[in-house]
Amino acid sequence: MCADRPSPAGDVTALARRAPWVRGGRLDRVVWPLLAAIGLLLVLAAVYTSHLIVERQDALQRVSRYNIAWLASQAVSELARLKERVAGHAMADGTVDREEVQLRLDILANRVGLLQGSGVADLAKSRPELGDVVASLDAVIEAAGPLVANLAGKSHRELLDLLSPLEPRLARLAAAANIQGGDRVAEDQRQLSRLHWIFSGILVALAACGLVLLALLLLHNRLLRRTHGELHTQNARFDAALNNMSQALCMVDAERRLIVCNRRYVELFTLPPSLAAPRTPVSDILHALAAKGHGVGELAHAIHEAQETLIRNNLPGAFVRERSDGGLSVSVSHRPMPDGGWVATYEDITERRRAEAQIAYMAHHDALSGLPNRILFRDRLEQELRRLESQGGWLAVLCLDLDNFKNVNDTLGHPAGDLLLQVVAQRLRGCVRDGEMVARLSGDEFAVLQPTPDQPLAAQALAERLVRALSAPYEIDGHRVVISASVGAALAPADGHDADDLLKKADVALYRAKADGRSCSRFFAPEMEAQLQARLAMEADLRDVLEKRQLELFYQPLFDLQEGRIRGFEALLRWRHPERGLVPPDQFIPVAETTGLIVPIGEWVLQQACADAAGWPSDLKVAVNLSPLQFTSPQLSTAVSNALVTTGLAANRLELEVTESVLLQDSGVVLALLHELRGMGLQIALDDFGTGYSSLSYLRSFPFDKLKIDQSFVRGLTGGAGGVAIVDAIVALASSLGMTTTAEGVETIEQLDQIRRAGCTMAQGYYLGRPRPAANVLADLKSTRCPILA
Ligand SMILES: Nc1nc2c(ncn2[C@@H]2O[C@H](COP(=O)(O)O[C@H]3[C@@H](O)[C@H](n4cnc5c(=O)[nH]c(N)nc54)O[C@@H]3COP(=O)(O)O)[C@@H](O)[C@H]2O)c(=O)[nH]1
């Protein structure tokens, strides 16, 4: 019964569900009570009829037995004959002899005897006045006997006198009997008439029943036809459903013979069609499958074994079995049936399993590098920590981060950044040994798990290996990229037993490595946490720094080397904290940048610097530093123009200092913003020139007004000819591009001489003037004597 024919189980189910007429339906509810009622009626009618017949038979018997009237009239006749013979005998003419009289008396006695046996006593009961008559009959006959025996002389008279009263009595008896007989006939007629009606009624009832049964038969036929039609439809649907199931289905009876299986079953187990026929023993199917050898046969056997256990225990169950080569996985759902058979579905979940495995892999691995991700790393770490707890030993967690990776993304593009990360992953794999695990936690953040007992030496060696391996130059998309990495490590059990705690501590150590100049490794130490806490505390304090008015601007003079006078001041931010004291910008600006507070703080600096400068002589400029983070704010140009408008400072008295890293960002947007700012009439200086990656290329991308030569070059001036040559070259480059130059960090007269000789336009440094509060600017202007002129 596979594929094209529906199963009997399907028929029955469908019939029960869709044609309630047939079983437990309306037909049952109507027909059976009706038939029972008719049957009962017929039985009652038959009982009653037989009762009437018996009764009528009794009546006939009684009629025949109780023919008292005739017997009484016979007795009257016989009495008359007796009296006539007695009279004849009395005449003594010899015509009547005594024997004849005796004969008549005997006949009369006989008639009276018959009368007595005919139930005259019963008549006498209903007519008490006749009781004497019946009683006197025997007495008269008896008394007449001796008289007839001695019939002579006056005994004739005596005999006639004895007999004469009998005549009217017998006549009354006959009349009474006659009347009773008439009553009985009338009663019989009545009963017969009733019998007639009963028979007629039964006949009509039978005819009606016949009609009802005929109607029911027709109705039944109609319902049967309808049910048959529905059954057919159901069968077709069942068939379609069965054969369009994505799952294979097999139903087996209590004798382990196939009831039904669907097309998918045949396909899944590559069954020959002959074995899919109903009543095929399951053992035959298994033998046929076993003959197929490894693969399907092996799988079918494994499935059957599992089902056998369920069948033996009459239990439902679900399980998965797969071919040993992994080529086919089948999910089985087995359910016993009440009649001892079972039904099972089989689903090919090979693809699903593969997809699940793929999903599980993806959930635990990083798509870009193929390395385990944070989830898998954490799982493994927890597992190792549990092992550590039970078996002892050590392990190290190393977190590492590429230094300035963002620059690679920003300069070479994200695809190049991705390539770099892939190469980094390869190198990391090459650094770890068996049992160690390397994972990518996020972006450019990686981690290594080293469950090795000889800690911290092993971790130290690994950290150095990692820093060294990652610092070797990369060849990415035809570009040579040099990048370093910082490593932070935490050890278990020394630094903790909890996975998250260890990861956090390794992170704290990494933070410290970065703070200590990058490209190095640090092991966690408890004080690092305190430092991190300090940073977090600083973050918290910084949040309401503006509301609390704790920021101040200091100003450092900018000397014009040709004119020998102060041409302006650079605004340098300070944080006057009630407990921390005067906090330099190096300490809090990075925190403000990571928290995004740099945007409102930067706006305040702009506003305050413009306001202060507006109070200075009109030939003095003010230089304001802008953080690269401020360029990500869409409000920057509005903030600048607001500062100028609200303070009334002429735009040409404002100079904005930006670092090269500004141009590392989305350069199109940044360049547009720089042009927009310069379009307002202010000047833009490139700060810390020479410290970045490709300073020269930035000079092509935007025509800066000024280059600020980094302090390191100025310091290098006194270190030999090389330093002088660099400064000379920068000044020449700037001049050829039409830019002015400011030498930063001039601390000595020698440095001042050198930069002046090199042709620098301006100078700034402690030698010329330290940053001082705004209130000192005007006084300093008057008191400061230009050392160049001195
Ligand atoms: N985004 C903003 N950055 C700002 C702001 N204010 C300051 N800064 C930046 O903070 C860095 C440190 O500044 P600061 O501690 O003020 O140091 C400045 C000078 O004091 C210092 N300087 C000047 N002359 C000398 C010297 O002769 N020797 C020496 N050792 N240091 C000297 O240099 C700093 C100024 O540098 P620069 O900006 O490159 O001109 C610093 O990077 C500031 O830019 C701010 O409001 N926003």
Side-chain angles (χ1 to χ4, degrees), residues 542 545-546 550-559 566 568-576 581-613 621-633 636 639-640 643 654-662 683-692 695 704 706-718 730 741-752 754-755 760 762-774 776 780 784 787:
L542 207 54
V545 75
L546 287 173
Q550 291 174 344
L551 293 180
E552 283 179 24
L553 286 182
F554 275 37
Y555 290 96
Q556 186 176 30
L558 298 164
F559 274 84
I566 295 174
F569 290 87
E570 180 179 359
L572 295 164
L573 187 59
R574 301 289 181 266
W575 178 13
R576 198 174 290 280
L582 198 62
V583 186
D586 283 345
Q587 283 181 24
F588 68 88
I589 281 191
V591 180
E593 284 177 336
T594 52
T595 53
L597 287 167
I598 190 66
V599 173
I601 289 176
E603 286 177 10
W604 179 87
V605 171
L606 271 168
Q607 188 69 34
Q608 189 60 42
C610 290
D612 288 340
K621 290 186 172 191
V622 65
V624 174
N625 288 285
L626 291 183
S627 159
L629 267 294
Q630 285 177 267
F631 280 80
T632 59
S633 161
L636 179 61
V640 173
L654 176 63
E655 190 174 274
L656 298 178
E657 293 190 8
V658 300
T659 53
E660 290 171 6
S661 52
V662 162
Q683 291 188 307
I684 296 181
L686 183 58
D687 203 0
D688 303 332
F689 181 75
T691 54
S695 302
F704 292 96
K706 179 193 273 186
L707 293 187
K708 290 190 78 176
I709 303 168
D710 190 66
Q711 297 183 14
S712 56
F713 298 119
V714 175
R715 271 194 290 275
L717 284 172
T718 46
I730 295 174
T741 46
T742 299
E744 293 184 84
V746 179
E747 293 182 342
T748 63
I749 181 73
E750 290 80 17
Q751 289 168 347
L752 185 63
Q754 296 276 18
I755 58 153
C760 269
M762 313 262 295
Q764 174 187 3
Y766 290 168
Y767 181 71
L768 298 164
R770 286 183 173 260
R772 303 243 294 153
N776 297 51
D780 286 355
T784 307

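Atoms within a ligand are numbered from 1 in the order they appear, just like the ligands themselves.
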Judged by heavy atoms only, the candidate from Arg715, Glu744, Gln711 nearest atom 34 (C) of ligand 1 is Gln711
Looking at [X], which atoms of ligand 1 are within less than 4.0 Å of one of its heavy atoms?
{"X": "Ser627", "answer": "1 (N)"}
{"X": "Glu747", "answer": "26 (C), 27 (O), 28 (N), 29 (C), 30 (N)"}
{"X": "Pro771", "answer": "20 (O)"}
{"X": "Asp586", "answer": "10 (O), 11 (C), 12 (C)"}

Residue pair [X] / [Y], side-chain heavy-atom distance below 4.5 Å:
{"X": "Ile709", "Y": "Cys760", "value": "yes"}
{"X": "Leu606", "Y": "Leu656", "value": "yes"}
{"X": "Leu626", "Y": "Leu636", "value": "yes"}
{"X": "Arg574", "Y": "Pro773", "value": "no"}

Considering only protein heavy atoms, which is closest to [atom], and at what distance to one decimal place?
{"atom": "atom 13 (O) of ligand 1", "value": "Pro585 CG, 3.3 Å"}
{"atom": "atom 24 (N) of ligand 1", "value": "Gln556 NE2, 3.0 Å"}
{"atom": "atom 27 (O) of ligand 1", "value": "Tyr766 N, 2.8 Å"}
{"atom": "atom 5 (C) of ligand 1", "value": "Ile589 CD1, 3.7 Å"}
{"atom": "atom 35 (C) of ligand 1", "value": "Leu572 CD2, 3.9 Å"}
{"atom": "atom 46 (O) of ligand 1", "value": "Leu573 CB, 3.4 Å"}

Say whether [X], considering both its backbone and side-chain N or O atoms, lies within less than 3.5 Å of an N or O atom on ligand 1.
{"X": "Gly765", "answer": "no"}
{"X": "Gln630", "answer": "no"}
{"X": "Tyr767", "answer": "no"}
{"X": "Asp688", "answer": "yes"}

Within 4.0 Å of atom 42 (O) of ligand 1 (strictly less), any protein heavy atom?
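No, there is none.
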Note to self: What verdict does the salt bridge (charged side-chain N to carboxylate O under 4.0 Å, His left out) test give for Lys708 and Glu570, after you've listed the backbone C-alpha separation in whole Å, the side-chain angles of each residue and the deciding distance to 0.1 Å?
What the structure shows: CA-CA 12 Å; Lys708 290 190 78 176; Glu570 180 179 359; 3.0 Å; yes
For ligand 1, does [X] get within less than 4.0 Å through its side chain, its backbone, both, or neither, judged by non-hydrogen atoms?
{"X": "Asp687", "value": "side chain"}
{"X": "Arg770", "value": "neither"}
{"X": "Asp710", "value": "neither"}

Look only at the side chain of Gln587 and the backbone of Pro584, and say whether a donor-acceptor pair between them is shorter than 3.5 Å. no
**ligand 1 contact by Arg574, heavy-atom criterion under 4.0 angstrom** =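 Arg574 counts as a contact of ligand 1 under the 4.0 Å cut-off.
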